[in-house]
Structures are given as structure tokens and as C-alpha cells.
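Notes for the one structure printed next.
No experiment lies behind these values; they were computed from the predicted model shown.
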Amino acid sequence: MATEKPLKIAIVAGEESGDLLGADIIEALKRATGREVRLVGIGGRHLQALGLTPLFDGGEIALMGLSAILRDLPRLMRRISQTGNAVAGEKPDCLITIDSPDFSLRVAKKVRAADPAIPIVHYVCPSVWAWRPGRAVAMKPYVDHILCILPFEVKELARLGGPPGTYVGHRLTHDPGVIGAAKAQSLPRDLSDDRVKTLLVLPGSRRGEVLRLVGPFGKTISILRARGHRLRLLLPTVPHVADLVRASVASWDEKPEIILGPERKWQAFGKADAALISSGTVSLELALSGVPMISCYRLDPVMRMAQRLITVWSAALPNLIADRPIVPESYNEYVRPHYLARQLEALFSDTPYRAWQKDGFAEVARRMAVDGPSGDIAAGVVMRCIKQW
């Protein structure tokens, strides 16, 4: 095997999370084939450490939302054209695009048009199961396989007429922080009514989320205090909204402990009795950690107008994975502090409500389990796609 020519892999990864996923695949390809892997395309520090010289800074294509695309459309189109032409010109054994679908799937489409012989694999299924389901069938002519990180996505792609998919697992299932928090949550816990309750408060990682939810969350805590609960509030956040969070909670009756850094965050998850959260990936982090929660969201005016395009029955990932309601959700005008306070009371104690969530979280973990590392499974799919051509 050592005398065989190197594999040439084109890769497009903008965000840090995608860069990590890409590095996992490349390392696994090296182990599986015993061959050198030469890289072309776009990626961050992890892929660069494996030999990639990026066409340009991957940060340019990270976090592409509708407003960002419209604001910077000419530059984006130039980068798509540049990347597609460069990849097609290199004639790689396979193109792997990772997440950032507004950019990476346009590159995939351009490469397929330029050279139909190049296999194309996309990592992280676009949320076709939640909105704009027509994207699934639209991908089929230029994406040969999709590596899915949520177990229900394979069936959803088939139902919607999209490319074939393989569930390769999710990084959170083997994250040391999640594993440590889950172990702490599994230990015997004092659930007596008169104890100090430890409540996680997670109002979001974007400015708009924080501004729309910090008020109702503060009122919910005031109501819990008025109803006789003694609370310890833990508020993990991220640096880019930390100052906004500090200013926003300054008027709360009970001041939370602001927590920065992943290690302290996972420690807080292990200590919490319950969580009050902004809907998002954090719901899956909490479910795999075993923390009962209430999920809330208030849409901005633009998203409210687009709400009719949403087709999924729940926005909470644990609910979708388990295929049953586990995490209660409150949206828009239904984010009502008196209601949220009473739901949290039912989670603080040893109630059937709490047991229902805990049982659901175990089902989520079971359904998300895979045999072996995600990178190895993903690399196996890539090799099968290469051999088909």
C-alpha cells in the first residue's frame, strides 16, 4: 500500500466544527488505506496541520445566513466560482464538503457540472426535515452521499427524495465534557423541596436571542423566589455576548454566576437540577448530559414572517431523535414566566415529569450510539464512493 499513489481529497470546511470533522475523516482515511492523503480546498488549522494550504481563509464562508449572503453576495459568488474551478482543475479522487450549505453545496454543484467524474460527499445534512424540504431532491444530481449527524436524517432524506445518507454519529456522544456531566448527573441527588435548587439559565449565544429571552427568564426566577424556592443560578455563556449578558441580568432579583469556558460549563451541567434554555443545539448537550429542561424561543420579526415555511413538528432535537415529546417548548407569546416557573417546579422534584424526561434522554443516547468512531465510519463511506467511479 505504501507504494500506491497518494489519495487526493478536495475539502471545503469553513467553520471550526467543520474543520474538526474534516480532520477526523482525513486521519481515518490515512489509517484505513495506508496511503498518503494530499489535500486541496478550504479549511482551518486542523486541516492545515494535515497539509492543506487553503485557497483562502475559511472564516469567510463560516456562519453564512440569509442576511450575510444578501449583504455580501458579489464576493460570495466570486469565492464559489474560485473554489469550484480550483477543485475541478485538481481532479481529486473525491470532494468532501462540510456544513456551511449556502456556500459548500453551490461549490459541489459547480464541480459536478465541470467534471461529473468526481465523487462528491457532503458532511452534516442540511435541515431539509425542518424547512425547505425541496432542497433534498435538489441535491441529488450533484451530491452522491450525505454523512448525517442525527439518526433520523437518513430516513428523512429517503422520504424527501434526496441523496442516500449514512448516520455516522455526533461528536457530542463522545465529548469528554458531556460524558463527565452525565456521570455527575447519574449520582444520587438530593431532590427535597427545601434544598437550594441549582438552575442552569441559558438565554442563547446570539445577541438577539439574549435580548428577547433575558427578560422573561428573569421574571420566571422572581416568581420561583416568590413561591419559596431558594436558587443557585448558573449561566454559562460565550465571550462575544458575555458583556451583554452581564448587563442584562444586573437587574434580576437573584444574580446568576456567569460562567465562561468549556470546562466550567460542563461542571455546571453536572451540578444542575434543571435548565431554562433558548432552543438550539444546547438542548442536545443537556439531554446527553441528563439535565431536565424547559426550552423557549422568541423569533425575530423576519423569522416570524417565514414561520409558515417550517415543516417540522418540534424544534427540540431530543424530541426529534426520540420521536416523542420529551422537552416542553414555549414560543413567542407563549414564553410566559408564570407557566415556566411551574414547569421548572415539576422538574426540581422527584416527579413523573422529571422521570419522563430522564427516560427520554436515555432513549436519545441509545438512538445516537454508533459502532466505532465517527471519522472511521465517514471515511468508509468516502472510500466506497471513490471505488464506485
Task: Verdict with reasoning, D144 to R112, per salt bridge (Lys or Arg N to Asp or Glu O under 4.0 Å) - done: CA-CA 10 Å; D144 299 305; R112 177 52 50 89; 2.8 Å; yes

For A136 and V128 the tightest heavy-atom approach is N-CG1, 3.7 Å

Note: P203 and F217 closest approach over all heavy atoms is CA-CE2, 3.8 Å

Under a plain distance cut-off of 3.5 Å, with no hydrogens placed, do Q357 and Y353 share a side-chain donor-acceptor pair? no

Self-check item: More than 12 heavy atoms of other groups within 6.0 Å of K155 NZ
Solution: no

Taken to the nearest 0.5 Å, the spacing of N332 CG from R212 CZ works out to 9.5 Å

Below 4.5 Å, heavy atoms only, C-beta onward: do V12 and F103 meet side chain to side chain? yes

Tightest non-hydrogen contact, residues R246 and I258, listed as CG-CG1, 4.1 Å

inquiry  = Could you go through V107 and K110, starting from their C-alpha distance and side-chain angles, then the distance that decides it, and tell me whether this counts as side-chain contact (heavy atoms from CB on, under 4.5 Å)?
reply    = CA-CA 5 Å; V107 171; K110 188 171 183 64; 5.7 Å; no

In short, G43 meets P54 closest at the heavy-atom pair O-CB, 3.9 Å

Have D99 and S104 got a donor and an acceptor in their side chains that come within less than 3.5 Å?
-> no

Would you say the side-chain atoms of S349 pair up with the backbone N or O of A346, donor to acceptor, closer than 3.5 Å?
no

- Can you label the angle between the Y297 ring and the Y331 ring as parallel, tilted or perpendicular, going by 30° and 60°? tilted

### Query
Would you say the side chains of E329 and S279 form a donor-acceptor pair under 3.5 Å?
no

Heavy-atom nearest pair, G58 first then I42, reads CA-CG2, 3.6 Å

- [ ] Any chance you could lay out the side-chain contact (heavy atoms from CB on, under 4.5 Å) test for L284 and V364, step after step, and finish with the verdict?
- [x] CA-CA 9 Å; L284 187 54; V364 169; 4.0 Å; yes

So CZ of R324 and CG of N319: to nearest 0.5 Å the spacing works out to 9.0 Å

Could you tabulate the donor-acceptor pairs under 3.5 Å formed by side-chain atoms of residues 22-29, not counting sequence neighbours?
none

Let me have the donor-acceptor pairs involving side chains of residues 156-168, under 3.5 Å, with sequence neighbours excluded, atom names and distances please.
unit_1: E156; atom_1: OE1; unit_2: R159; atom_2: NE; d: 3.4
unit_1: E156; atom_1: OE1; unit_2: R159; atom_2: NH2; d: 2.7
unit_1: E156; atom_1: OE2; unit_2: R159; atom_2: NE; d: 3.3
unit_1: T166; atom_1: OG1; unit_2: H145; atom_2: NE2; d: 2.7
unit_1: Y167; atom_1: OH; unit_2: M368; atom_2: O; d: 2.6

Residue set satisfying side-chain hydrogen bond (donor to acceptor under 3.5 Å, both in side chains) with R189, at least two apart, ordered chain then number -> Q185, D273

Sorted by chain and number, sequence neighbours left out, ring-ring contact (aromatic ring centres under 6.0 Å, His included) with F361 holds for none

Practice task
Say whether, by atom type as modelled, one donor and one acceptor occur between the side chain of K358 and the main chain of G290 under 3.5 angstrom.
Solution key: yes

Rounded to the nearest 0.5 angstrom, the CZ-CG distance for R38 and D93 is 11.0 Å

Query - R45 and Q48 side chains, donor-acceptor separation under 3.5 Å - result: no

Just checking, R79 and F56: is the charged tip under 6.0 Å from the six-membered ring centre and within 45° of the axis? yes

In this structure, CZ of R298 is separated from CG of L211 (nearest 0.5 Å) by 11.5 Å

Start with the C-alpha gap between L150 and C125, add the side-chain angles, then the distance that decides, and say whether side-chain contact (heavy atoms from CB on, under 4.5 Å) holds. CA-CA 8 Å; L150 298 173; C125 182; over 6 Å; no

*Under 3.5 Å: donor-acceptor pair, side chain of S81, backbone of R78*: no

| field | Check: R336 and S330 side chains under 4.5 Å, non-hydrogen atoms | value | no

Verify, without hydrogens or angle tests, whether H122 (side chain) and T97 (backbone) share a donor-acceptor contact under 3.5 angstrom. yes

For I118 and A88, the nearest pair of non-hydrogen atoms, with its separation, is CD1-CA, 4.2 Å

Checklist line | Close side-chain approach of L340 and V335, heavy atoms under 4.5 Å | finding: yes

Rounding to 0.5 Å, atoms NE2 (H46) and CD (E16) come to a distance of 4.0 Å

Hits for salt bridge (charged side-chain N to carboxylate O under 4.0 Å, His left out) against K8, two or more places apart or cross-chain, chain-then-number order -> E90

So the side chain to side chain donor-acceptor pair (under 3.5 Å) pairs with at least one residue in residues 219-232 (sequence neighbours excluded) are K197-H229, S222-D253, R225-E254, R227-E345, H229-E345, R232-E257

